[in-house]
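Structure first, then comments.
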Amino acid sequence: MATDLHHAIHPDVIEKADKLAEDLCAKMKCDSVYISLANDERLFPFGISEPGTNNVADRILLAKDTICSVTSQRNEMVSLPDARTVEGLKDRGIVKSGGIVGYMGLPIRDEAGHSIGAICATTTTPRAWTEIDRMMLFSAASETQAMLATAGLKHENQVLSDALGEYDEIIGAIAKHADALISIHAKAGTLIFATNALLHRMDPCELEKQVNRALTMTKRPGFPSLQEPKLRWNGRGDEGSLRPTMRSHSGALTFVKWEPSGEDGS
């Protein structure tokens, strides 16, 4: 999971998570509820019972200062009447500051069962957590997981819709240049499409290999653009080399238009 965790959550989900945290806090009669995504370094409480923070990026916390990072890492419930008495936790920033004394947390899991964060109820005084508290937290954790799964599906559908729109534009553009030497590549130069005019001059596997090599060399000093090295077809000399005359990007795709280069390499 990326360090900038808040980029993985849509604002609509944050609003719903804040409301869920607020309602759960009232039901459990605790001081605060946090619903968070977590990685090894950061914790992002995308749901807070008392938000008060319009800029969600300001919610990012260091994992080492929190208890929810432990809940997420263990992928199991953590229930503490008084975190100040627990070795390994009592020196964490959130405990030393007095922000958390009583703590009960559950992992938030993805559809594969992997922990991606935690939901917790906290108090600023010792708390003997009950079975009813546990059941309410389990219910909220399930609701959170369903919320994230639904949001993920919506995102995937949007990505697919955008991709289909891009492909429509691609086909339209290619239709206007049937005789052009055009190729479309994914990351690392993987060939997705090439016009027949281009494939007539170069084998697809060779084209993919050559473009991969060219794209790699653009990242090296002395190769600021995709002008070098020239690509050759059918083992011919300079008169048979190709050079890109236009390169553009759309999402993860790279579009390249080629032209034969002269003997002088121009």
Side-chain angles (χ1 to χ4, degrees), residues 1-11 13-22 24-25 28 30-127 129 133-134 137-138 140-149 151-152 155:
M1 188 180 297
T3 300
D4 53 347
L5 296 171
H6 61 284
H7 289 165
I9 298 291
H10 192 276
V13 176
I14 292 174
E15 183 177 350
K16 292 177 182 178
D18 280 343
K19 183 63 167 60
L20 175 61
E22 182 180 349
L24 181 61
C25 188
M28 296 184 69
C30 58
D31 291 319
S32 58
V33 168
Y34 298 93
I35 306 172
S36 308
L37 292 182
N39 62 22
D40 291 339
E41 298 179 351
R42 300 286 188 271
L43 192 82
F44 170 47
F46 66 94
I48 302 177
S49 54
E50 297 180 5
T53 304
N54 292 327
N55 185 0
V56 296
D58 292 340
R59 298 184 182 187
I60 298 293
L61 304 173
L62 292 176
K64 65 182 181 64
D65 288 334
T66 72
I67 302 178
C68 276
S69 60
V70 176
T71 303
S72 179
Q73 289 167 3
R74 292 181 180 177
N75 199 10
E76 62 183 18
M77 170 178 271
V78 174
S79 182
L80 308 170
D82 190 339
R84 298 172 301 181
T85 65
V86 180
E87 292 296 331
L89 295 180
K90 64 181 182 180
D91 292 328
R92 296 203 166 215
I94 196 68
V95 179
K96 291 178 68 175
S97 69
I100 290 180
V101 176
Y103 175 93
M104 182 168 64
L106 283 169
I108 296 172
R109 301 183 176 102
D110 61 18
E111 294 180 351
H114 302 130
S115 177
I116 58 175
I119 180 172
C120 72
T122 75
T123 60
T124 55
T125 58
R127 170 80 172 250
W129 302 101
D133 292 332
R134 187 186 70 82
L137 195 61
F138 264 106
S142 297
E143 186 173 346
T144 299
Q145 290 168 183
M147 182 192 306
L148 291 175
H155 175 70

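No donor-acceptor pair under 3.5 Å is formed between the side chain of D82 and the backbone N or O of P126. No donor-acceptor pair closer than 3.5 Å links the side chain of R84 to the backbone N or O of K96. Panel note: side chain Q145, backbone R109; a donor-acceptor pair is recorded below 3.5 Å. Looking at T123, its side chain does come within 3.5 Å of a backbone N or O of T125 through a donor-acceptor pair. Using modelled atom types, one side-chain atom of W129 and one backbone atom of Y103 make a donor-acceptor pair closer than 3.5 Å. When atom types are taken as modelled, the side chain of S142 and the backbone of F138 share a donor-acceptor pair closer than 3.5 angstrom.
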Next on the checklist: Set out, in order, the CA-CA distance, both residues' side-chain angles and the distance that settles side-chain contact (heavy atoms from CB on, under 4.5 Å) for L62 and R42, then state yes or no.
Outcome noted: CA-CA 5 Å; L62 292 176; R42 300 286 188 271; 3.3 Å; yes

Item to check | Audit row: L148, I108, side-chain contact (heavy atoms from CB on, under 4.5 Å) steps and yes/no | outcome: CA-CA 10 Å; L148 291 175; I108 296 172; 3.9 Å; yes

Item to check | side-chain contact (heavy atoms from CB on, under 4.5 Å) evaluation trace for M104 with L80 | outcome: CA-CA 6 Å; M104 182 168 64; L80 308 170; over 6 Å; no

Checklist entry - For E76 and L106, what are the C-alpha separation, side-chain angles and deciding distance, and is it a side-chain contact (heavy atoms from CB on, under 4.5 Å)? => result CA-CA 6 Å; E76 62 183 18; L106 283 169; over 6 Å; no

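A heavy-atom distance below 4.5 Å is not found between the side chains of E50 and E22. Proximity of E41 to K64: side-chain heavy atoms (C-beta onward) are nowhere separated by under 4.5 Å. In this structure the side chain of I60 never reaches within 4.5 angstrom of the side chain of L43, judged on heavy atoms.
Atom CG of L37 and atom OG of S115 lie 10.0 Å apart (nearest 0.5 Å). Taking SG of C25 as the reference point, atom CG of L20 lies at 11.5 Å (rounded to 0.5 Å). For the atom pair CD1 of I119 and SG of C68, the computed distance is 9.0 Å after rounding to the nearest 0.5 Å. Taking CD of Q73 as the start and CG of N75 as the end, the distance is 11.0 Å to the nearest 0.5 Å.
Residues I35 and A17 approach most closely at CD1-O, 3.7 Å, considering heavy atoms. Between P107 and T71, the shortest heavy-atom contact is N-CG2, 3.6 Å. Minimum interatomic distance between T124 and D31 (heavy atoms only, all atoms of both residues): N-OD2, 2.7 Å. Residue S32 comes nearest to S49 through the heavy atom pair CA-OG, 3.4 Å, listed as atom of the first residue, atom of the second, then distance.
Judged by distance alone, the side chains of Y34 and T66 never bring a donor and an acceptor atom under 3.5 Å apart. No side-chain donor from either of S69 and S72 sits under 3.5 Å from a side-chain acceptor of the other.
Here the rule is side chain to side chain contact (heavy atoms under 4.5 Å, CB included) with I94, and of T122, D65, I100 only I100 fits it.
Using a cut-off of 4.0 Å between Lys/Arg side-chain N and Asp/Glu carboxylate O, R127 and D133 are scored as salt-bridged.
For CG of D40, the number of neighbouring non-hydrogen atoms (other residues, nucleotides, ligands) closer than 6.0 Å is 12 at most.
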